[in-house]
Amino acid sequence: MSEQPHRLMEIKNLKKTFPLQTGFLGTGGTETVTAVDDVSFYIESGETLGLVGESGSGKTTIGRSILRAIEPTSGSVHFEPRKGEVYEITGLSSKKMKAVRPHMQMIFQDPYSSLNPRMTVRDIIAEPLVVNKLFKGTDIDKRVLEVALRCKLNVEHLRRFPHAFSGGQRQRIGIARALVMHPRFIVCDEAVSALDVSVQAEILNLLGDLQEEFELTYLFIAHDLSAVEYISDRVAVLYLGRIVEIAPSKELFFSPLHPYTSALMSAIPAPDPDSPMQPIILKGEIPSPINPPSGCHFHPRCQYVQAECKTMRPELKEYKPGHYSACHFSDAMELPGANELGEPSSIRTSRI
Ligand code: SF4
């Protein structure tokens with residue numbers, strides 16, 4: 001019987017900074033880059049939270065900080081794999097973290113470089129079980145075969161090396177490796193970005209099926225908005241290390257409350273070439289995180305900017321139930337959203 005949903009992940013005031021050597025061979029001293037700036041959100045058990053933003057917005061840093069693949073600078077991450085069993089991830093010793101780690105896994109972006117070319121598929125999938133000493137002998141083979149079949153690989157595939165597989169098959173090996181530990185939570189870090197569109201659809205459908213069967217919870221990091229809309233229950237939008245909007249997926253795509261989200265959504269190509277919708281062209285580039293703009297980080301590119309935007313940081317506020325935005329004027333603006341769903345046709349047909 002499936003359990004009642006609860007907050008599986010609760011992230012509060014997460015911050016991650018990196019030192020940066022400047023000048024020729026580091027002679028200019030050290031500056032600080034704030035990759036993730038005071039970010040708070042939660043993920044319900046069994047849901048998929050999409051995380052979108054431009055390159056350098058901090059998406060991957062958030063994913064890795066939550067798993068403690070890198071150490072957050074400050075903030076807290078509460079993880080409740082089962083109701084009532086709570087871990088404060090950021091405060092755990094490495095020994096205790098080892099016990100929690102099997103519950104939290106990651107699927108990587110590049111299915112070509114994330115698999116060891118010298119290991120057979122069987123050994124790649126079995127590796128987490130061996131390292132964590134969870135299974136022994138024939139139990140390992142039984143478990144490896146079980147997840148491999150679930151990920152649409154076969155017995156023959158287990159004897160081969162990664163170079164013998166296509167991109168989609170390699171990503172299925174990566175998914176099987178993440179799944180072999182029976183995790184509760186998986187960070188999918190650009191898991192379909194390197195794949196062809198037709199293969200993307202196949203992998204997204206597989207992730208959806210596995211989620212249902214194993215009651216998985218996903219943080220789905222991507223810059224492909226169609227893929228994010230397709231798989232996510234809710235979506236968070238990042239800009240220069242801060243969450244600017246978070247809402248149920250459809251609401252965020254079609255009724256955004258933040259000018260940055262609105263610009264992103266307006267840029268989704270409309271299936272109808274005669275559509276009157278015009279994309280909103282943002283001025284300039286995303287600013288440097290070394291010296292971000294004051295107040296609202298988005299103000300130099302925002303067409304609705306007012307004087308207070310340049311000095312006052314807008315907090316993430318709930319404007320509608322479950323719909324949060326970090327803009328001083330979200331309750332006073334009507335912004336355009338996506339015109340129509342820009343789903344790749346292969347995603348639609350693969351669902352038939
Ligand atoms: Fe634009 Fe001001 Fe809102 Fe920032 S706070 S998104 S600058 S209107």
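Order of appearance sets the numbers: ligands from 1, and atoms from 1 within every ligand. Computed from a predicted model, the values in this text were never measured in an experiment.
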Tell me, which pairs form a side-chain hydrogen bond (donor to acceptor under 3.5 Å, both in side chains) where one or both residues lie in residues 137-148, sequence neighbours left out?
Arg122-Asp141, Arg143-Glu146, Arg143-His182
What are the atoms of ligand 1, with element, lying closer than 4.0 Å to any heavy atom of His258?
6 (S)
Do the ring planes of Tyr239 and Phe298 sit parallel (below 30°), tilted (30 to 60°) or perpendicular (above 60°)?
perpendicular
Under 4.5 Å side-chain linkage, directly or through intermediates, the cluster mates of Phe18
Ile70
Under 2.8 Å from atom 2 (Fe) of ligand 1 - protein N/O/S, by chain and number
Cys309 SG
Sorted by first residue and then second, give each ring-ring contact (aromatic ring centres under 6.0 Å, His included) pair with at least one member in residues 136-161; sequence neighbours left out.
His157-Phe165
With a cut-off of 6.0 Å (strictly less than), are more than 12 heavy atoms of other residues, nucleotides or ligands near CD of Glu85?
yes
Under a 4.0 Å threshold between the charged nitrogen and the carboxylate oxygen, would Arg234 count as salt-bridged to Glu44?
no
